[in-house]
Amino acid sequence: MRSVSKRYLFCLATGCFAIILMASGGYFSQATAQKPLPDEGDLAKRLKRIPATSPEDSLKGFKLQRGFQLELVASEPDVMDPVDACFDENGQMFVAEMRGYPYLPDQVPDYFDRPVRKKAGVIRLLKDTTGDGKMDQSFVFADTITWPTSVCCYDGGVYVIAPPNIYYFKDTDGDHKADIRETVFTGLKTNNVQGLANNLKWSLDNHIYFAGGTNGGSILKDGKEVIPSGRRDLKLNPKTRELEPVSGGSQFGHSMDDWGNRFVCSNSNHIQHVVYPSHYLKRNEYLAVPGVLRTAARKGAAAPVFRTSPPEPYRVVRTARRAADPNFRKRLSPTELVATGFFTSATGVTIYRGSAYPQEYQGNAFIGDVGGNLIHRKTMDENGATYVATRADEQTEFITSNDNWFRPVNFVNAPDGTLWVLDMYRETIEHPFSIPEDIKRHLDLESGHDRGRVYRLVHPQGTQFPVQKLGKMTVEQLVQQLESPNVWNRETAQRLIWERQDQTAVPDLVRLFEDSQQPLARLHALWTLDGLNALSADLLLKALKDPQAGIREQAIRLSEKQAQDSPELSKAVLALTSDPEYRVQLQLAFSLGEFDNQAAIAGLTKLVDSPNYDGDMQVAVLTSSAQIAGPLAVNFLNAAEGTLSGSKRSLVIELLRISGAKKDTSDALTVLEFVSDDAVSLAEKQLVLGALGEGLGRRGASLATLLKDPKLDPVVKQRFDKTIADAVEMVTEEDKPVADRVAAIRLLGFFDFSVSGDVLAEVLNPRSSPKIQEAAVASLSRMDHPDVSAALLENWSAFSPAVRADVVDALLGSSVRIDSLLKAIQDKKVKLNELSRDKKDLLTNHPDKGIRKRAQKVVGGEVNSDRAKIVRSYEAALELKGDTVNGQKVYMKNCAACHKVGDKGHNVGPNLATTKNKSDNDLLIAILDPSREAQSNYNAYTVVTEQGKLYTGIIAAETATSYTIRRAEGKEDIILRNNIDTLLSNGVSLMPNGLEKEINPQQMADLLVFIKTLEAPPEK
C-alpha cells in the first residue's frame, strides 16, 4: 500500500518456529483489549481449554495417505518438547528438548502467576535396549540450558545450539550424563523465539552446517568476534571449531539431499533452495546478487493446506466478539471462523533419504505446519540450477490430526531407514506477542512443557533396517557401509572414518570408488578421501569421466585444489565445458574462478555459448570473473560486432559494472580504450559507458573521475570529449527518437554536473515525455553537486505524480537533499499532501537524529501518535457494509505499490489473497498500527554508503557481497557490502502510520471486503 506500502498486511503465523508473517501488529493492543466490548462475555467460560490426549488415543486421530502408519517410539515422560534429534554411531538418540518455550525470563508477562522456569532446556538420551524399535530408556544427558534447538553427534559427544550459546557435551564416564560441558561459541540472539539458529546437519564436505535463523547476532569465540551480525547460515569444522558463514538465512528448518543441495523454510515460504554458495560469491566482492534463496514450491510461497483439526477456542473468540449480532454474523466469511487456508507455520523441511519406503518416496520433502496440525509432502524435480517441489497429495495433506496438540516441528532420517516425526505436543504454539493480552490471560502458553512424542512413519510394503552399531566396526567395515542404501549408515560411516583419520582406509576407499555400482557410494568415497587429504589427481581424472553426472559435478568441485598443479587434471576439467548436463556446466562455471585467468576466460566463454546457458549460470560465470571482468567483456563486445543482445547483453552489462566497481582501474581503462574507438556506435557507447558508470558509482567514482586517471591514454580522453558533446547534442534535439535521447540522458548522468547538469535540468520539464523526465531525474540523482536539489525541484508544480515520486526518491538519497526537501515543504513549494504516506513516515523516523527532529517539526504533527486510539476510532468500519468494487479502487490507490493481487500490484508485501482468512479486526490493526509488534524482517533499514548516499527499505536479500533493499513498487537497490558505511534500523515498521489520512471508515470497510473476495495465486 502506498500508506500501507512498506509493511506487510499479513496477520500472524501460528507456528512455533514460523516468524509472524504480519509485519505489523498482532490482534489487539492491551489498550484495545481492555476496552469493554458488548459481545465479550465471560472469557473464562468461552475460552475453554482443549485437553491433552494420551499418546495411545492421539494415534487414533491421525489420517495418513498411501497406507502409511505412525508408530509411537517415545512419549512423555521419557521425552518432552522434542524439536530436533540425531542418532549416534550405535543408534542411540539424542533429543533437543525446548522445554522453556516460549519465554525467556526477561520476556515473561507481568500476570505470569508461577515461578519462571529458568534454563529449562534439556538434551535427552534415548536408548532402545530390546531391539524392538521403541525407546525404553531415557536419560537427562545435559540440562540447565536455555532454548535448545538442535543437537548433532561428533566424537562421542554432541554439539548443541541453545542460543545464545553453542555447546559441546560429552559423557566420558559412562553414566549417560555429560561431564564435559563446553561453551564453544556465544552471541546468538534470542530476541524472537521464532528466529533462533537451528538444525545442525552433517554435510558431504565433513562439516556441520546449520540454519542461522532470523535473529542474527555477532558470534563470539573466547571473547572475540568470529562471525559478524547478519542473516546467514553457517558451517562448523567440529575438529578445529572454526565457523564460516554460508548462504541461507531463513527460519526453523534445514535439510540436505543426497548430493548436498540445501533446503530451508520460513512460515509460508515452506521450501526454499539455497542456490548460490557463498564461498563463490565472496570471491567476487564487486558482484551484487539479489538473493541466494529460491522458492521451490510450484504453488509458490502461498500454498494452501488442508487441516482436519478444529479451530482453537481463542481463535473463534476473536471473531465471536463481533459476531454476537446475528445480522453482522451473516456477513462473516467462513474462513474467519477457521484459522486455516495457507501455510503459515512451515517448519522442519526434511528430504527423505532412507530406503524403507518404495522408490516413489525417495527424495520427497516432508514439511510440518505446526499451526495446522499436519504434515505436507512434496515431490522434487530438478529445474536448471534449482528444483520444483510439487504437492504430492491433492486436496489433502499427507498426515493430518484431529488433535490440536499435535505439533510436528521436525523430522529425522533414522537408522532403520524410516522417517521419524518429532511432535512438540503443545496446547498452544504461537508467539506470545501475537495473542491479544486479555485472551492471553486465560491461556497457558507453557501448557505441554512436560509432554512430547516421537513417531516412526512406516509403509505397509516397506522394509525397516536393523539398527547396526557402526561405532564398533573396523575401518574396513565402515567403508563397506558407504554402499548402504540408507543415508544414516553412509553419513555415519563417513563421519567415523573422518573422525578417526585412519589412513589405512585409503586403499579400501579407492577400490570402492573404482568398483562400486552405486553412485552414492562413489560420492561418499570421494568426499571421505578428501577429508583424509588422500584424494589423488589420478582418481579425480576417473571421477571427471564418471557416467553419473552428479559424480562429475562433485569431481569438478573437488578438483579446485589440485588443478593448478596438474596440467592433465586442469585439461580434463576444462573439457567438461562440452558436458551435456546442465549442473555439470553450472559447477564448472563456479569452479573456473579457481583457475588461472587464461583458462578461466577460455572456459567461461565456451560456457556462455552453451545451449544450457541461463541466468543462474550467468551468476556462476560472474562469480568467477572478478579478475577478468574487463577483458572478458571486451571479448564479448568484439565478437558481437555491435549487435550484442539477449543473455550476452545482460552478462556484459554485469561484467562492465564489476569492472567499474573494482578499485584497481585496469579493467575499467581497458573498457574505456575499447569503447572510445570511432568504430563503436553511439548506441553501443551509451550501453557500455552506462554500465561501467554504474559500477564506478558503487565505489563512489564516476566516468569523470576515471577520465582523470593518470594511466589513461590522452588520445582516449580526447575521444571521450567528443562522445560527451555528441550525447549533449542528442539530448537537446527534440526531433530525435525518444529512446535515443533517453540513452544519452542516462549516459550523461555518469559525468560531472558541470558538464551536463544544465542540459538535464532543461529537459526536466512537462514539455518532455515522461520517459525523458524519468531519465533526467535518475541521472541528476547520481550527481554529487549542491545544485542538484534545485534542479530537481525547479518545475515541481508542473510534474506529474509519477515524476514527483521519482524526485522525492532522489531527494531522500542524501542528507543535503533531504534538507532541501524539508525547506521546500516549509516554504509551501511542496505541499504535504503531495508526499506519499510512506515518505512522510520515513522522514519522521529517519535514523539521523538531526533530520528526524527537523522532519518531525515540519511534517510530524500530521499523524496522531496514539495508534491504539486511531484503531478504536475505526472499529465502526467493522459494522459497515463494504463494497468490493470500491474496495478494489482503494487497493489500487493505496495498496498496489506493495501488494500483488492477480496481475496488479507489486511483490513487496505478501499477496493479499493469503490474508483472506484473517479477521477484519486483525487486518484493521495491521493497517492502522503497523509497528505495534513489528518483526525485524520487516523493519525499515537505512544504508549509508561511504559516499553519503542513503537507501531505505526492508532487507529483501542478503548475500556474502551485498544487500538488496526493497521499497514501494518493488523497486530495489543493491548495495555492495564493501561500500557500506552504516547499516541500521530504528526498529520501526517500514509500513507507515497514518493511513487514516487516506482512507475513511467506509473505504476501510470496502477494502476489507475486497480482500475477503480474493482467490489464491494461480499455480505456477
Side-chain angles (χ1 to χ4, degrees), residues 68 70-71 73-74 82-96 126 128 133 135 150-154 158 198-204 208-211 252-265 271 347-368 375-380 389 392 398-399 408-423 454-459 462-468 470 481-496 518 520-521 523-524 527:
F68 276 85
L70 285 174
E71 295 179 352
V73 295
V83 299
D84 192 28
C86 64
F87 292 89
D88 75 0
E89 55 269 26
N90 295 313
Q92 299 181 127
M93 187 180 189
F94 289 90
V95 182
L126 299 177
D128 171 14
M135 294 298 177
S150 190
V151 58
C152 186
C153 295
Y154 169 70
V158 289
N198 60 89
N199 276 281
L200 297 152
K201 304 292 182 186
W202 276 96
S203 180
L204 286 168
I208 299 172
Y209 287 63
F210 61 95
F252 191 87
H254 178 223
S255 185
M256 301 177 193
D257 69 9
D258 286 334
W259 297 92
N261 294 289
R262 295 175 52 235
F263 299 89
V264 294
C265 63
I271 181 164
T347 71
V349 59
T350 298
I351 306 299
Y352 173 64
R353 302 168 61 194
S355 55
Y357 309 153
Q359 182 62 36
E360 64 179 296
Y361 301 99
Q362 306 300 314
N364 283 191
F366 291 81
I367 306 151
I375 297 173
H376 180 81
R377 180 172 69 96
K378 277 183 155 57
T379 59
M380 305 294 291
F398 183 65
I399 298 177
V409 299
N410 217 340
F411 309 89
V412 186
N413 282 287
D416 62 4
T418 65
L419 194 69
W420 288 26
V421 180
L422 305 181
D423 175 10
V454 179
Y455 299 98
R456 176 192 293 109
L457 182 64
V458 296
H459 188 274
T463 302
Q464 294 182 35
F465 284 74
V467 178
Q468 302 187 58
L470 273 63
Q481 288 293 317
L482 297 180
E483 282 203 290
S484 171
N486 194 36
V487 66
W488 178 81
N489 299 69
R490 297 194 307 272
E491 280 195 342
T492 304
Q494 177 177 332
R495 172 173 69 83
L496 292 174
Q518 303 298 323
L520 292 178
L523 174 71
H524 282 278
W527 280 106

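Residue numbers count from 1 along this sequence. It should be emphasised that the depicted structure is a prediction, and the values quoted were computed from it without experimental measurement.
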Exercise. Output all residues satisfying side-chain hydrogen bond (donor to acceptor under 3.5 Å, both in side chains) with Glu483, sequence neighbours left out; order by chain, then residue number.
Key: Ser516
Quiz item: Who passes side-chain hydrogen bond (donor to acceptor under 3.5 Å, both in side chains) against Trp202, sequence neighbours left out?
Solution: none
Practice problem: Using ring-ring contact (aromatic ring centres under 6.0 Å, His included) as the criterion, list what pairs up with Tyr455, not counting sequence neighbours. | Solution: Phe62
Practice problem: Search all heavy atoms of Gly260 against all heavy atoms of Leu204 and return the closest pair with its distance. | Solution: N-CD1, 4.0 Å
Quiz item: With Tyr352, which residues qualify under side-chain hydrogen bond (donor to acceptor under 3.5 Å, both in side chains), at least two apart?
Solution: none
Quiz prompt | Set of side-chain contact (heavy atoms from CB on, under 4.5 Å) partners for Thr492, sequence neighbours left out | solution = Glu89, Leu470, Trp488, Arg495, Leu496
Quiz item: Is there a donor-acceptor pair closer than 3.5 Å between any side-chain N or O of Tyr357 and the backbone N or O of Leu419?
Solution: yes
Quiz item: Under the side-chain contact (heavy atoms from CB on, under 4.5 Å) test, which residues partner Thr463, sequence neighbours left out?
Solution: none
Exercise. Quick one: closest heavy-atom pair of Arg353 and Asn413, and the distance?
Key: N-OD1, 2.8 Å
Self-check item: Residues which pass side-chain contact (heavy atoms from CB on, under 4.5 Å) with Asn410, listed by chain and number, not counting sequence neighbours
Solution: Asp84, Asn199, Phe252, Thr350, Leu422
Exercise. Mind checking side-chain hydrogen bond (donor to acceptor under 3.5 Å, both in side chains) for Gln494 and listing every partner two or more places apart, or none if nothing turns up?
Key: Asn206, His524
Quiz item: CD1 of Ile351 to NZ of Lys201: how many Å apart, nearest 0.5 Å?
Solution: 11.0 Å
Exercise. Locate the shortest heavy-atom distance separating Pro485 from Phe465; write the atom from each residue and the value.
Key: CG-CZ, 3.7 Å
Quiz item: What distance do Asn486 atom CG and Ser355 atom OG have between them, rounded to the nearest 0.5 Å?
Solution: 4.5 Å
Exercise. Look up atom CE in Met93 and atom CG in Asp128, then write down how far apart they are to the nearest 0.5 Å.
Key: 11.5 Å
Quiz item: Looking at Val151 and Ala85, what are the two nearest heavy atoms and their distance?
Solution: CG1-CA, 3.8 Å
Practice problem: For residues Leu457 and Thr418, determine if any side-chain heavy atom of one lies less than 4.5 Å from a side-chain heavy atom of the other. | Solution: no
Quiz item: Which residue pairs satisfy the salt bridge (Lys or Arg N to Asp or Glu O under 4.0 Å) criterion with at least one member in residues 410-423, sequence neighbours excluded?
Solution: Asp416-Arg456
Quiz prompt | Under 3.5 Å: donor-acceptor pair, side chain of Thr347, backbone of Val409 | solution = yes
Exercise. Ignoring hydrogens and angles, tell me if any N or O in the side chain of Asn489 forms a donor-acceptor pair with the backbone of Ser484 under 3.5 Å.
Key: no
Quiz item: What pairs with Phe366 under ring-ring contact (aromatic ring centres under 6.0 Å, His included), at least two apart in sequence or on another chain?
Solution: Phe398
Self-check item: Trace of the side chain to side chain contact (heavy atoms under 4.5 Å, CB included) decision for Trp259 with Leu520
Solution: CA-CA 8 Å; Trp259 297 92; Leu520 292 178; 3.8 Å; yes
Quiz item: How would you list, by chain and number, every residue that makes a ring-ring contact (aromatic ring centres under 6.0 Å, His included) with His376, sequence neighbours excluded?
Solution: His270, Phe343
Quiz item: Side chains of Ser203 and Trp527: does their closest heavy-atom pair fall under 4.5 Å?
Solution: no
Quiz prompt | Derivation and outcome, side chain to side chain contact (heavy atoms under 4.5 Å, CB included), residues Lys378 and Ile271 | solution = CA-CA 9 Å; Lys378 277 183 155 57; Ile271 181 164; 4.0 Å; yes
Self-check item: Distance in Å, Gln481 CD paired with Glu491 CD, rounded so as to fall on 0.5 Å steps
Solution: 13.5 Å
Quiz item: Taking all non-hydrogen atoms of both residues, which atom of Ala211 and which atom of His254 are closest, and how far apart?
Solution: N-ND1, 3.9 Å
Quiz prompt | Residues that Arg490 engages under salt bridge (Lys or Arg N to Asp or Glu O under 4.0 Å), provided they are two or more places apart | solution = Asp258
Quiz item: Roughly how far, to the nearest 0.5 Å, is CZ of Phe210 from CG of Asn198?
Solution: 9.5 Å
Quiz prompt | Met135 vs Val454 side-chain heavy atoms within contact, under 4.5 Å | solution = no
Exercise. Check whether any side-chain heavy atom of Cys153 sits under 4.5 Å from a side-chain heavy atom of Val158, and report yes or no.
Key: yes
Practice problem: Over all heavy atoms of both residues, which pair between Pro415 and Gly91 is shortest? Give the atoms and the distance, please. | Solution: CG-CA, 4.5 Å
Quiz item: Rounded to the nearest 0.5 Å, how far does CZ of Arg377 lie from CZ of Phe68?
Solution: 7.0 Å
